Amino acid sequence: MERVTIPPVDHELVGLRAEGRRPPGGAPFVLLAFAIALVPIDPSWLWALAVMAAALVPLVAPGARPGPSWKLSADGLEVVGHDGEVRQNYAFERIQELSITADEQVLTVHHKFGTTQLGTLPEMGFEPHTFFVTARRLGLRIRVVDGDYAPDPDEEQDYLDVEAALMSAVVEPAEPAGEPVTLTSQTARRFRTRALLATGSFVLVAALMVAGAAGTEPSFTTRFGAGLWALAASGALFAARRRLRRSAPNRWTISATALKDLPAEQIGAVLVGPGPELNPLTGEPDYAPLTAVVFDHRLRVMAQLNARGLDEFQLTHTLDEHGYRVVSTAPAVIRPSEYGLDGLPEIFSQVPGGRLVVAEDGLGWADMAGDVLLKMPADRIGAIELLTVDGHAWLRVYDSDGEEFLAAPLKALRIARTDLREQARQAGLPITDAEYEAYLSAAFHGAVSTISADPLLLPTPEGGPGALLDATTRSRVWGYGMFSALGFLVALTITWFAGKLSPALFWTVPVGILAGIGTGWLLDRNRSQLKISIHGIASVTRLGKTDWSLRRETVGGVGIDHGGEGIPRLVVWSPAGRVLRRVTFAPDLSELRRACEQYGLPWGPPDSAGPASPPPEI
């Protein structure tokens, strides 16, 4: 076997990794202030100072050093520590082939003695298309496969199309122009201000309570009450810091001379799409719905930019208007106008309420009264084919010479797939529906007892903005009640140990209940909601932030998992059965299932051994 020669290239792709130390954790130190408050320290002012200082420890506790990062270069695939030392090396000459799974983006190394799965590319800090392009520039053989490691030519062609678009973009001359424009993430500034004010007010009240306890006669009850206040203040500071770090504003400055801090004359193309970003809490690479990779004119990666919170439409169009070459990894989706009557015979669009009908002598186009205004005789029809395009049922008609002369979605023709297939067969027209035949065969061999062909039970995926599902009213009321009960117990405990139970109940208990309700409201006003559309499923907050999103082709099933401990959770599976997302709240199940059926998302866990899903509009 001839040895592969390493090409003399200097391409190098380094996975994302936090610089310096990771963001501080601080969670183990939340109880420190409460523990110090229980210790009798003299004088009292020193005790109060120690308690307040311990409450601030979660804010100043240093984080851990960053973990090792991945690097793809002419030396192979390496794991490099923060000190620059190579800890693991997959040498170039030992790699026979690399493969990327289409749905989960798992990278696998195929070598002489077997295969090794290294993990998902976003978790390794790589954007999949960028990794694919760099590997091919280095001379590595890389393929895109499905969950069973079988070749997936359609997905691989998408990767090759992105590579071709990048190669074409970097060689084209670019002339950046235009006035500087600043794009800012869609972070609610009012929300950050409210969070700071609410947390600061609560911490100030807690500090006053600790100072007041230091000025009274020292006892276990006063130290216990002050410890509870210090514990609550420390937890509030920790939670507020995490929330503010998650919602940190992101700002891009795009001008004719530079893109952020990158010189415009060195930029060959900008790849926009889903990819990895550094988690603001852990510093580890994580999946993000929008990132940007900047290439130079030799197709080398200059930078992987964070686009968290930016609007994809504004970002791509602003870059394009300033002369930068933009390449998107999003698959091409047919525009709504292309699903209409554009491209069909002109008479189709001129007949109000027109629809396709099947007659004994061929196909026809009828008006609202049922009168056939246009006929396609049977002797001119060579073949009629029913198929699925992007989740929609389509019709293709070929003439007697084998040329296609009609292609349109059945929605535009206003006829059901079942009606068209059965009526055409009764009229003796040459019609084929391979997907329907395959579905019947799989259903028969899967021992399915009954098969329903009622189109009302199997609705067609619909377009539009999608359905927004919120938490149920019962779960929201339960949340308010839990916080109210917690506030009541805290107030009751403090007044009990203070020894002034009877007179203090009249003001501490109502204040505790109101504080609990207020806390529940702060959390409820920014709760997550599920958005289900024809493009996939996403989790968005009421303030407009996208927590995560999954494209439709990566979703193998949506349902409720009752196997875990505690309450059932909403789960999103990949086509291979891997859990992609677990949602802690569950919306109304009937609305969830109705939305999944309406927009074409599979309901229930994927089961490769079970019956095949029917084509739309059977």
Side-chain angles (χ1 to χ4, degrees), residues 334 336 338-400 404-444 448-464 534 594 596-600 602-603 611-618:
I334 299 179
E338 298 180 13
Y339 282 102
L341 299 179
D342 296 344
L344 299 181
E346 186 177 356
I347 190 175
F348 282 26
S349 59
Q350 295 178 353
V351 179
R355 57 189 177 87
L356 185 72
V357 294
V358 180
E360 295 181 358
D361 54 350
L363 300 177
W365 188 254
D367 58 10
M368 298 181 62
D371 298 330
V372 178
L373 304 180
L374 177 68
K375 291 184 178 181
M376 289 167 274
D379 54 358
R380 287 187 51 197
I381 299 176
I384 302 174
E385 180 185 7
L386 294 176
L387 69 161
T388 302
V389 178
D390 289 337
H392 294 261
W394 273 62
L395 167 69
R396 285 179 180 170
V397 182
Y398 300 87
D399 58 17
S400 55
E404 177 184 305
F405 72 92
L406 175 61
L410 294 183
K411 278 188 176 182
L413 303 179
R414 300 185 181 93
I415 187 171
R417 187 170 188 163
T418 303
D419 296 340
L420 177 57
R421 182 178 61 250
E422 300 302 328
Q423 293 177 15
R425 287 177 177 175
Q426 293 177 4
L429 298 179
I431 186 169
T432 60
D433 192 345
E435 295 173 354
Y436 177 73
E437 301 297 337
Y439 165 66
L440 289 183
S441 177
F444 175 78
V448 177
S449 58
T450 58
I451 300 177
S452 174
D454 190 352
L456 298 176
L457 300 179
L458 298 167
T460 307
E462 297 183 2
I534 193 173
R594 190 180 305 114
C596 290
E597 293 175 348
Q598 180 181 1
Y599 294 99
W603 176 260
S613 59
E617 298 182 0
I618 69 166

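As the structure is a computational prediction, the values presented were derived from the model and not from experiment.
Scored by the side-chain contact (heavy atoms from CB on, under 4.5 Å) test, Ala378 finds Leu429 as partners (sequence neighbours excluded). Listed by chain and number, the residues in a salt bridge (charged side-chain N to carboxylate O under 4.0 Å, His left out) with Arg380 amount to none (sequence neighbours excluded). Every residue two or more places apart in sequence or in another chain that forms a side chain to side chain donor-acceptor pair (under 3.5 Å) with Glu385 is listed here: Tyr398.
The distance from atom CZ of Arg417 to atom CH2 of Trp394, rounded to the nearest 0.5 Å, is 13.0 Å. Separating the CZ atom in Arg425 from the OG1 atom in Thr432 is a distance of 8.5 Å, to the nearest 0.5 Å.
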| request: Apply side-chain contact (heavy atoms from CB on, under 4.5 Å) to the pair Val357 and Leu363, showing each step before the final yes or no. | output: CA-CA 6 Å; Val357 294; Leu363 300 177; over 6 Å; no
| side-chain contact (heavy atoms from CB on, under 4.5 Å) between Arg396 and Leu387: does it pass, once the steps are laid out? | CA-CA 8 Å; Arg396 285 179 180 170; Leu387 69 161; 3.9 Å; yes
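Looking at heavy atoms from C-beta onward, Ile384 lies in side-chain contact with Leu395 at the 4.5 angstrom threshold. Side-chain contact between Leu413 and Arg355 is absent, with no heavy-atom pair separated by less than 4.5 Å.
When all heavy atoms of Gly382 and Pro430 are compared, the closest pair comes out as O-CG, 3.6 Å. The shortest heavy-atom contact between Leu410 and Ala416 is CD1-C, 4.3 Å. In terms of heavy atoms, Leu356 sits closest to Ile415 at O-CD1, 3.6 Å.
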